[in-house]
Amino acid sequence: VKDLRSKNKDELTPEEKVKAETPSPFEKAEINKQYAIYTIGYLNELLNNELVAQNQKPVDIEALPCINTIVEAIKANPNPVIRKSGISTLSHIARPEYKDTFKTIFELAQADENTEVKEAATSALSLINQ
């Protein structure tokens with residue numbers, strides 16, 4: 001598939017074009033990881049919003065469902081798209097109660113080898129520091 005993708009599209013047969021444009025099983029798994037991270041964040045946001053609406057306080061950061069999965073993805077996943085997705089998700093669910101923890105995570109992510117991950121971490125850090 002990589003060989004087909006590196007060629008000029010005009011040189012490919014219709015069958016080769018379809019094969020080149022179809023995500024591999026690995027790529028599909030990575031896309032699913034990205035969706036899972038966003039879904040975890042969305043569900044945690046809904047949970048906290050519901051608790052606040054009921055005049056309760058939000059869930060402590062350590063007790064948020066699957067939050068460790070997102071943090072571990074930011075720290076150790078080899079795919080920069082997944083690391084960036086984790087940063088984006090945490091930035092989206094940031095609350096004042098989580099500022100210190102998220103600040104630490106984003107500061108560490110600023111040392112990432114990938115430029116896009118660094119930029120995402122810098123942007124997330126500036127948002128929580130406002």
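Here, residue 1 is the first one in the sequence, and each next residue gets the next number. Since this is a predicted model, take the numbers as computed values, not measurements.
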> Which residue pairs pass the ring pair (Phe, Tyr, Trp, His ring centres under 6.0 Å) test with at least one member in residues 108-130, sequence neighbours excluded?
Replying inline: none
> According to the ring pair (Phe, Tyr, Trp, His ring centres under 6.0 Å) rule, which pairs have a member within residues 110-130, sequence neighbours left out?
Replying inline: none
Is it possible for you to say whether [X] and [Y] belong to one hydrophobic cluster, with membership spreading through side-chain heavy-atom contacts below 4.5 Å?
{"X": "L51", "Y": "I40", "result": "yes"}
{"X": "Y42", "Y": "V52", "result": "no"}
{"X": "V71", "Y": "F102", "result": "yes"}

Could you tell me the separation between the [atom1] atom of [X] and the [atom2] atom of [Y], rounded to the nearest 0.5 Å?
{"X": "T69", "Y": "L64", "atom1": "OG1", "atom2": "CG", "result": "11.5 Å"}
{"X": "Y98", "Y": "I67", "atom1": "OH", "atom2": "CD1", "result": "7.5 Å"}
{"X": "E27", "Y": "N32", "atom1": "CD", "atom2": "CG", "result": "12.0 Å"}
{"X": "I82", "Y": "E72", "atom1": "CD1", "atom2": "CD", "result": "13.5 Å"}

Distance-only check: which donor-acceptor pairs under 3.5 Å involve side-chain atoms of residues 55-63, not counting sequence neighbours?
residue, atom, partner, partner atom, Å
Q56, NE2, Q54, OE1, 3.4

>> Once side-chain contact (heavy atoms from CB on, under 4.5 Å) is applied, do any residues pair with E116, and if so which ones, sequence neighbours excluded?
In response: K84, N114
>> Donor-acceptor check, side chain of N79 to backbone of E30, threshold 3.5 angstrom: yes or no?
In response: no
>> I'd like to know if the side chain of R83 and the backbone of A73 have a donor-acceptor N/O pair within less than 3.5 Å.
In response: no
> Is any side-chain heavy atom of I74 closer than 4.5 Å to a side-chain heavy atom of D112?
Replying inline: no
>> What I'd like to find out is whether the side chain of N44 reaches to under 4.5 Å of the side chain of P65, using heavy atoms alone.
In response: yes
Throw together a table of side-chain donor-acceptor distances under 3.5 angstrom for residues 87-96, partners on residues two or more places apart or in other chains.
residue, atom, partner, partner atom, Å
T89, OG1, S85, O, 2.9
H92, NE2, E45, OE1, 2.9
H92, NE2, E45, OE2, 3.3
R95, NE, E97, OE1, 3.4

>> If you count every heavy atom of other residues, nucleotides or ligands that lies below 6.0 Å from K118 atom NZ, does the total exceed 12?
In response: yes
Anything under 3.5 Å between a donor and an acceptor, one on a side chain of residues 123-130, the other on a protein residue two or more places apart or in another chain? List them.
residue, atom, partner, partner atom, Å
S126, OG, S123, O, 2.8
N129, ND2, L125, O, 3.1

